[in-house]
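Hydrogens, waters and symmetry mates play no part in the numbers below; they use all other heavy atoms, side chains included. Proteins come first, then strands; the chains are lettered A, B, ... in the order of their sequence lines, and each starts at number 1.
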Amino acid sequence: MKNNVIFKANQNGIVIVLADNIPFETLKNELKEKLKDAKNFFDNSKTNISFKGANLKENEELELIDIISNTTNLNISFVGKEFLKQKEVKVPIIEQAKEVTSDTLVHRGSLRSGQYINHKGNVVLIGSLNPGAKITASGHIIVLGSLKGVVHAGCDGDTSSFIASLNLMSSQLRIFNFITCIPKNSTQLYPSLAYIQDNQIYIEPLV
Amino acid sequence: MNEVIVITSGKGGVGKTTTSANIGTSLAMDGHSVVLVDADIGLRNLDVIMGLENRIVYDIIDVIEGNCRLKQALIKDKQYPNLFLLPAAQTRDKDAISPDQMQKLCNSLRNDFEYIIIDCPAGIEQGFKNAIAGADKAIVVTTPEVSAVRDADRIIGLLEAHDLRNPKLILNRVRVDMVKRGDMMSIEDVTEILAIDIIGVVPDDESIVISSNCGEPAVKDEKSRAGQAFRNISKRICGEDISFINLEENATFFNKIKKMFK
């Protein structure tokens, strides 16, 4: 699947991120295709839309909006270049990961209290991280299980490192020198991704 | 006068950590500046009981090894700004620290806090020796069971050998109904064997389990009877003369009525 057109949602509406240096026709077709797939998702809602990335001419923008309003029942209330000064994530963090070439440690089985993995590179844990257990890695950390212990990704300063887990439960997440706590009562029982943006740790569902 | 108090028992599972958390919180509630030090390296629990587990960044070993400053490792309580926790390391063991280092640590804490409460690990090995190294006073926790009292007796002997004289006793998990039936040792039985001053008697109370699971020490709960006992103990530590709570009195209205007809 090509990824020249990406939909992102923020609290103000939908941001459509268009890849740069791609012929307008290609973008148009890809947008059509994506909208077809996501038709049910957008359904009948009222929303704002903005474009990001490629430099669109006015008429091109209108053309794209036409496509959106024709293929979906979306009710566009406002169109803008960008709503917030806040930077969007350039491309989903996971895609940046491909650039990281450091080696990856795969650990099978759960880590229990007091057990500790410290690794230069990425760590994949096939199992759960129990409370009191800890993983420190210079790259990304992926826990295929429940995350209840302490994880520290990008410990050497790589702020593009992420933490992914099937269930993010009561735990402490660190990326580089940013720290956040997941309180006991706000466990996330769906796959989640934590990354750094604007000097903050963001956590979003990985669907 | 700033004091370092070690809470110890010898036997495991008698309630050292619960006692430390409750006394520390209660002292802080009365306005004293308090730091709780978890000396149970490798099997830390105090952070869980205090509900501060996911805030740990640095621990006691990081301080000792110079990875961070002492102030960085202290975790402020959720509710009381004058209460701090110095957590133990979970990925290390008791040999990661020496009695000398512990003594230095206690002395540097002494400058900033009125009460330094050390939660001692079970046993009489390295962990115990570390925990008592910097202490001025000791509190021995025991339950009214033969094995716990036996271990407490051994601990009192070891404390005296390390120049910690006149330790105080807390009798934990007392069940009056069982004592009455003669199935459990009474307060008098225990003090007779151990022959040290008793500073508190804590009734067996379900609210302790509940509060430990929530990470909120029972002293914060006005209604908890064990919490009341711990509040009294902390007042006695400060030198106040408080009479022991009547364990028989069950505060419920129904029981009071029942008593009238007896």
**Study point:** Portion of B:Val48 that has a non-hydrogen atom of chain A nearer than 4.5 angstrom
**Key:**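 The answer is neither part of B:Val48.
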**Study point:** Under 4.5 Å from any heavy atom of chain A - which part of B:Ile56
**Key:**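 Contact with chain A involves the backbone of B:Ile56 alone.
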Over 12 foreign heavy atoms within 6.0 Å of [atom1], [X]:
X        : atom1 : answer
B:Phe113 : CZ    : yes
B:Lys137 : NZ    : no
B:Lys78  : NZ    : yes

Review point. To the nearest 0.5 Å, how far apart are OG1 in A:Thr180 and CG in B:Asn54?
Key: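 So the OG1 of A:Thr180 and the CG of B:Asn54 are separated by 9.0 Å.
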**Study point:** Interchain contact, A:Leu173 with chain B, by part (heavy-atom threshold 4.5 Å)
**Key:**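 A:Leu173 has no heavy atom closer than 4.5 Å to chain B.
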**Study point:** Toward chain B, the part of A:Ser113 with a non-hydrogen atom under 4.5 Å
**Key:**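 Both parts, backbone and side chain.
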Exercise for review: Return the minimal non-hydrogen interatomic distance between A:Gly132 and B:Glu53, and the atom names on each side.
Suggested key: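 Where A:Gly132 meets B:Glu53 most closely, the heavy atoms are N-OE2, 4.1 Å.
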Review point. Between B:Arg55 and A:Gln172, what is the shortest heavy-atom contact and its length?
Key: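 Of all heavy-atom pairs spanning B:Arg55 and A:Gln172, the closest is C-NE2, 3.3 Å.
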